[in-house]
Every structure is written in structure tokens, then in C-alpha cells.
**Q** 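Starting off with a structure, shown below.
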Amino acid sequence: MLVRNHQKLKDDYFTSDVLELAPDLLGKILVLKTDKTMVSFRITETEAYRGEEDLACHARKGRTKRTDPMYYPGGILYIYLIYGMYWMMNIVAGEKNIPQAVLIRGLDDIRGPGKVTKTLGIVKSFNYENLSTSKRIYLLDDGLQPTYSCAPRVGIDYAGEHWKNLEWRFIANPIQ
DNA sequence: TGAGTGATCGTA
DNA sequence: ACGATCACTCAC
């Protein structure tokens, strides 16, 4: 059996542009620790939200209390509630003051961003959590880079034709 | 196909 | 202060 080197992903990795980071996160291993348990899943689906000019991005209205995490340097989490029911988990990307984030839409056999957070127990308290220094959540790279396909982003009809049609959703092909 | 649910933000 | 909006899911 091939033994791979599991490398924890650090700050620098996350400051690249969201259009590089979002597809690159496919295949990375998300690790979540509680007092007694540790679970891990591979990331299988992501979506990119890119700056104030992106009319699908929350930051299109500028920096507010809600969008504040996106203006941090890449590597922290941006967590928010949608439809009154579902927590969404995003990994902030890019340099400081450039609001970009990657929505985690799927892990292994978990499809849908609401199910992802429900399964992992991700709630508002994970907002601003730093993936490089956190003891309870971080990412590992074991070198696997799945091939993937692209598609338009979901649930952003309000963003207008241009932004709606961009294929900024990345779906990993099943791992052999 | 539409009900459920509540934080957020624009308009006052 | 109120009301519209919303990176969703599940049951019909």
C-alpha cells in the first residue's frame, strides 16, 4: 500500500485567488475534533465567491458585520445562517481586504452544504476559526488531486445573467 | 413545487 | 421599527 505524507495546510495556501483555491480544495481532507472523537471527510464539491464585483457574493454590498470575515486574509472560516435553518461553511480565500470565499457544498457522500454542516456540527461559533491554528478543525493534504467538472453556482438567480452563468462550482469526479 | 425559518440589511 | 430577501432541504 502506498503510504502518503499527510501535510497540514497552512496560511499561505489559502491566500491564493479563490478561483485557484476552490478547485484545489477538492480532495483535501477536512478534520474535525471534539473531546473524544475525530472525524475526517474529503472535500468533493466547492463554489467560489469572488469580490465585491461578483453580484452573487455577499460582499457585493461591501463590508458589513456579516461579511467581515471575508475581508480577512485567506484561511479562516466564514459561517452564516441561510433560510433560517442551515449553517453554511465557507473557507475565506485571497489576500487581506479582498473578499473571497469558498462554499463547501459536498464531502464524500454528503451532498448539499446544509447537510455538510449538520453532519459536522458546524455552527456560528466556528465563524472566524483559523484553519492553520485551530485545534478542532483543519485541513490535510495527502497529495490526491481528483479530476473535476465545472457548473454554474446554485441559488443565485438574483445575480444577473453574467454572474449566474459563470461555472464557478467545482465537482470532484468519483475517486477510483 | 412550496413550506419552513430567522439573521441581516435597506428603508424609514 | 418593519419588511424583503435568502450560497437549502425535505416532503408532497
Side-chain angles (χ1 to χ4, degrees), chain A residues 9 13-28 30 32 39 41-95 97-131 134 137 139 146 148-173:
Chain A
L9 291 168
Y13 174 72
F14 299 102
T15 52
S16 54
D17 190 275
V18 71
L19 291 180
E20 274 186 50
L21 188 65
D24 201 79
L25 282 169
L26 298 172
K28 299 296 182 287
L30 183 65
L32 212 89
V39 292
F41 298 90
R42 259 186 222 282
I43 297 174
T44 55
E45 188 172 341
T46 61
E47 249 172 32
Y49 290 87
R50 189 170 186 267
E52 295 181 348
E53 72 272 22
D54 176 3
L55 295 183
C57 180
H58 285 170
R60 67 189 177 277
K61 290 169 186 168
R63 190 169 190 159
T64 65
K65 193 177 176 194
R66 183 209 210 187
T67 61
D68 184 62
M70 280 203 277
Y71 289 79
Y72 277 58
I76 66 167
L77 296 181
Y78 166 42
I79 309 291
Y80 66 90
L81 191 70
I82 193 66
Y83 303 123
M85 290 186 214
Y86 303 102
W87 296 104
M88 297 288 108
M89 175 169 61
N90 300 255
I91 296 174
V92 172
E95 304 286 346
N97 291 330
I98 304 202
Q100 303 186 337
V102 179
L103 173 66
I104 306 300
R105 294 194 59 88
L107 302 172
D108 293 328
D109 53 342
I110 308 167
R111 294 170 178 230
K115 287 186 183 171
V116 164
T117 54
K118 191 173 179 188
T119 303
L120 297 180
I122 298 287
V123 292
K124 184 83 173 185
S125 69
F126 283 83
N127 206 18
Y128 293 102
E129 192 85 1
N130 189 314
L131 291 173
S134 176
I137 186 168
L139 284 172
Y148 61 90
S149 47
C150 305
R153 294 174 290 178
V154 173
I156 54 157
D157 287 348
Y158 58 85
E161 287 304 306
H162 174 69
W163 299 101
K164 197 173 89 172
N165 294 331
L166 291 175
E167 299 201 323
W168 284 3
R169 178 178 164 208
F170 307 96
I171 306 148
N173 293 324

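In this text the structure is predicted, and so the values were computed from the model without any measurement. Below, read A as the first sequence line, B as the second, and so on, with proteins coming before strands; counting in each chain starts at 1. In what follows, every heavy atom counts, from backbone to side chain, and hydrogens, waters and symmetry copies are set aside.
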**Q** Distance check needed: C:dA7 P versus A:Y78 OH, whole Å only.
**A** 9 Å

**Q** So that I can tick it off, tell me whether A:D109 and A:K115 are bridged by a salt bridge, with the cut-off set at under 4.0 angstrom between side-chain N and carboxylate O.
**A** no

**Q** Does A:R105 have a side-chain nitrogen or oxygen under 4.0 Å from the phosphate oxygens OP1 or OP2 of C:dC8?
**A** yes

**Q** In whole Å, I'd like the distance from the CZ atom of A:R153 to the C1' atom of C:dC8.
**A** 17 Å

**Q** Which of these nucleotides, C:dC10, B:dG6, B:dT5, is closest to any side-chain atom of A:K115?
**A** C:dC10

**Q** Side chain of A:Y80 only, heavy atoms from C-beta on: which candidate in C:dA7, B:dT5, C:dC8 is closest?
**A** C:dA7

**Q** Side chains of A:M89 and A:L77: does their closest heavy-atom pair fall under 4.5 Å?
**A** yes

**Q** Is it the case that the side chain of A:R66 and the backbone of A:Y80 share a donor-acceptor pair, with hydrogens and angles ignored and the cut-off at 3.5 Å?
**A** no

**Q** How about A:Y13 and A:D24: does a side-chain donor come under 3.5 Å of a side-chain acceptor?
**A** yes

**Q** Would you please indicate if the ring centroids of A:Y72 and A:Y128 are separated by under 6.0 Å?
**A** yes

**Q** Between A:L81 and A:Y86, is any pair of side-chain heavy atoms under 4.5 Å apart?
**A** no

**Q** For DNA chain B, what are the stems built from at least three Watson-Crick or G-U pairs in a row, each pair having both distances below 3.5 Å?
**A** B:1-4 with C:8-11, B:6-11 with C:1-6

**Q** How close or far is atom P of C:dA7 from atom CD1 of A:I156, stated in whole angstroms?
**A** 9 Å

**Q** Hey, does A:M88 reach any base, or is it just sugar-phosphate, or nothing, if we go heavy atoms under 4.0 Å?
**A** sugar-phosphate

**Q** List in numerical order all residues of residues 43-58 of chain A for which some heavy atom is under 4.0 Å away from an atom belonging to DNA chain B.
**A** none

**Q** Starting from the C-alpha separation in whole Å, work towards a yes-or-no answer on side-chain contact (heavy atoms from CB on, under 4.5 Å) for A:V154 and A:E47.
**A** CA-CA 9 Å; A:V154 173; A:E47 249 172 32; 3.8 Å; yes

**Q** Starting at atom CE of A:M85, determine the distance to atom C1' of B:dA3, rounded to an integer number of angstrom.
**A** 8 Å

**Q** When the distance from OH of A:Y83 to C1' of B:dT5 is rounded to whole Å, what number comes out?
**A** 12 Å

**Q** Just the table, please: protein N/O against nucleotides 8-12 of chain B N/O, every pair under 3.5 Å.
**A**
residue, atom, partner, partner atom, Å
B:dT8, OP1, A:K124, NZ, 3.3
B:dC9, OP1, A:T64, OG1, 2.2

**Q** Is the base of B:dA7 syn or anti, where syn means the angle lies within 90° of 0?
**A** anti

**Q** Is A:E45 salt-bridged to A:R111, going by a charged N under 4.0 Å from an acidic O?
**A** no

**Q** By nearest heavy atom, map A:L81 and A:G114 onto DNA chain C; which one lands nearer the 5' end?
**A** A:L81

**Q** Are OP1 or OP2 of C:dC8 and a side-chain N or O of A:Y86 less than 4.0 angstrom apart?
**A** no

**Q** Tell me yes or no: between the side chains of A:Y71 and A:E95, is some donor less than 3.5 Å from an acceptor?
**A** no

**Q** Regarding A:R60 and A:D54, does a basic nitrogen lie under 4.0 Å from an acidic carboxylate oxygen?
**A** no

**Q** Nearest whole angstrom, please: distance from the P of C:dT5 to the CD1 of A:I82.
**A** 13 Å

**Q** Where is the tightest heavy-atom contact between A:L21 and A:V92, given as atom of each residue plus distance?
**A** CD2-O, 4.5 Å

**Q** So does A:Y158 get a side-chain nitrogen or oxygen closer than 4.0 Å to the phosphate oxygens (OP1/OP2) of C:dA7?
**A** yes

**Q** Give me the atom names and distance for the closest heavy-atom approach of A:L103 to A:M88.
**A** CD1-CB, 4.0 Å

**Q** Just the rounded figure in Å: distance from C1' of C:dC10 to NZ of A:K118.
**A** 10 Å

**Q** Once you round it to whole Å, what is the distance between P of C:dT9 and CG of A:L103?
**A** 9 Å

